[in-house]
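First up is the structure itself, then whatever we jot down about it.
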Amino acid sequence: MKKPIKWMSIFLISVLSFLSGGPARGQKTSAKERADLIAAGGTVVTMDGERRIIEDGAIAVKGDAIVAVGKRAEIEAKYTAPRRIQAQGKLILPGLINGHTHAPMTLLRGLKDDVTLEEWLTKYIFPAEAKNVTEDFVRWGTRLAALEMIRGGTTTYADMYYFEDAIAEETKAAGMRGVLGETVIDFPVPDSKSPQQTLAYTEGFLKKWKGDAQIHAAVAPHSIYTTSEKTLRDSAALARKYGAPILIHVAETKREREESEAKNGLSPVAYLDKLGVLGPDVLAAHCVWVDADDRKLLAARDVGCVHNPSSNMMLASGVAPVAELRAAGVRLGLGTDGTAGSNNDLNMMEEMDLAAKLQKVTRMDPRALGARDAVEMATIEGARALHLEKEIGSLEPGKKADFIVLGLDAPHAVPMFEVYAQIVYALKASDVETVVIGGKAVMRERRVLTLDEAKVIEKAREYGKKVAESLQ
Ligand SMILES: [Zn+2]
């Protein structure tokens with residue numbers, strides 16, 4: 001009995017399709033190109049060269065890359081995709097880029113605050129790290145960091161810590177993109193007795209991750225005040241042998257600058273240039289104490305800098321000359337720094353807000369740094385600072401499909417007049433609903449898909465108790 005009915009239905013469908021000019025005639029649907037994912041209906045903040053903002057826009061994704069960005073009607077007419085993200089009434093933004101972190105320090109969050117940097121380091125952080133930082137600690141700390149970053153819309157981050165290979169594995173498992181480097185420092189650390197040992201470890205790390213789509217392995221000499229001239233030169237040579245980025249703290253404090261001037265007769269920036277370290281592969285965190293000559297040099301060497309407003313405020317390091325750095329043509333991104341004693345979270349939405357407001361208040365000029373500037377620093381300028389602007393930082397065909405969808409239904413999100421101002425001064429990390437990295441959803445409607453959230457939080461509490469006990 002079943003068979004005739006089935007054949008009859010197929011016949012009827014074919015006839016109907018033929019009459020309606022549908023699939024059987026092959027015109028409309030087969031003309032559509034097949035994509036893998038379409039996000040459609042929202043306001044698309046592209047951050048492209050023209051800074052286009054597309055109302056009722058859409059993005060089509062194929063594999064890990066964007067193939068088209070435009071009006072929803074145009075994209076829908078041209079592409080079809082099995083996976084869809086409905087973004088009506090929402091914002092679609094490039095994934096945020098956190099240019100400076102020490103991810104596993106999430107497990108030391110709030111260990112001790114409101115003390116001087118020296119007291120914080122010698123009495124609390126160094127002892128806590130010596131007693132607690134193991135590979136397992138680093139894995140759980142990175143998972144916690146990844147969870148927090150994904151929830152806040154960060155898709156790429158630059159990191160320097162210890163057991164960095166474990167950080168790379170966890171970053172990849174979480175579905176994130178990372179520029180990651182093992183901290184090279186001239187004293188014993190949890191996973192290394194000497195800078196030579198760290199550089200040998202780093203060489204293996206660079207070889208292992210070479211060519212990976214998500215992980216950019218880097219060399220990370222900590223700073224000029226914690227490493228010798230030889231360590232700095234050796235680090236740069238190793239990075240250049242492998243075409244790897246160099247991550248380093250530069251001109252963070254007044255003291256660093258004064259000591260460099262006394263010891264080397266040069267500013268930290270000029271000293272690094274003399275050693276041959278500066279180049280278009282360097283990502284310099286902070287750049288607070290940089291004068292006009294330093295800024296010219298940073299621009300001429302094509303160095304990327306990262307501004308960390310929360311950290312600079314919390315540690316009372318000073319105020320980076322953001323407007324002057326940008327005016328000099330320096331590639332300037334935005335970061336959080338570590339989550340212990342210097343922030344204490346990984347919230348890039350907050351960092352944009354603070355970056356703008358810190359410049360305004362210190363110059364007594366509300367025009368000093370605008371909302372659009374802050375969004376640029378967290379997206380396309382952040383990508384430029386990481387020298388990854390061909391890959392990420394804006395929503396354009398050919399770039400990696402790293403984007404986030406923000407809801408606009410919270411009380412603090414309505415009404416909306418100006419998109420950039422809303423993002424920077426009103427919206428929160430908690431407004432991020434969906435996060436796509438390399439075409440894969442890592443969070444969908446606020447559910448993180450790549451990490452066991454309950455387990456990560458339970459482990460963080462466990463480690464919190466362990467760290468507290470170890471310091472008693
Ligand atoms: Zn740092």
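One-based numbering, in listed order, for ligands and for the atoms of each.
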Are H249 and H102 close enough that their ring centres sit under 6.0 Å apart?
-> yes
Check ion pair K465-E469 (N to O, under 4.0 angstrom) | no
Can you list the protein N, O or S atoms less than 2.8 Å from the Zn ion (ligand 1)?
-> H100 NE2, H102 NE2, H249 NE2, D337 OD1
Is the number of heavy atoms from other residues, nucleotides or ligands under 6.0 Å of R240 CZ greater than 12?
-> yes
Between K459 and E462, does at least one N-O distance fall below 4.0 Å, as a salt bridge requires?
-> yes
Could E259 and K263 be called an ion pair, given the rule that one side-chain N must be under 4.0 Å from one carboxylate O?
-> no
Should the pair E169-K208 be classified as a salt bridge under the 4.0 Å nitrogen-to-oxygen rule?
-> yes
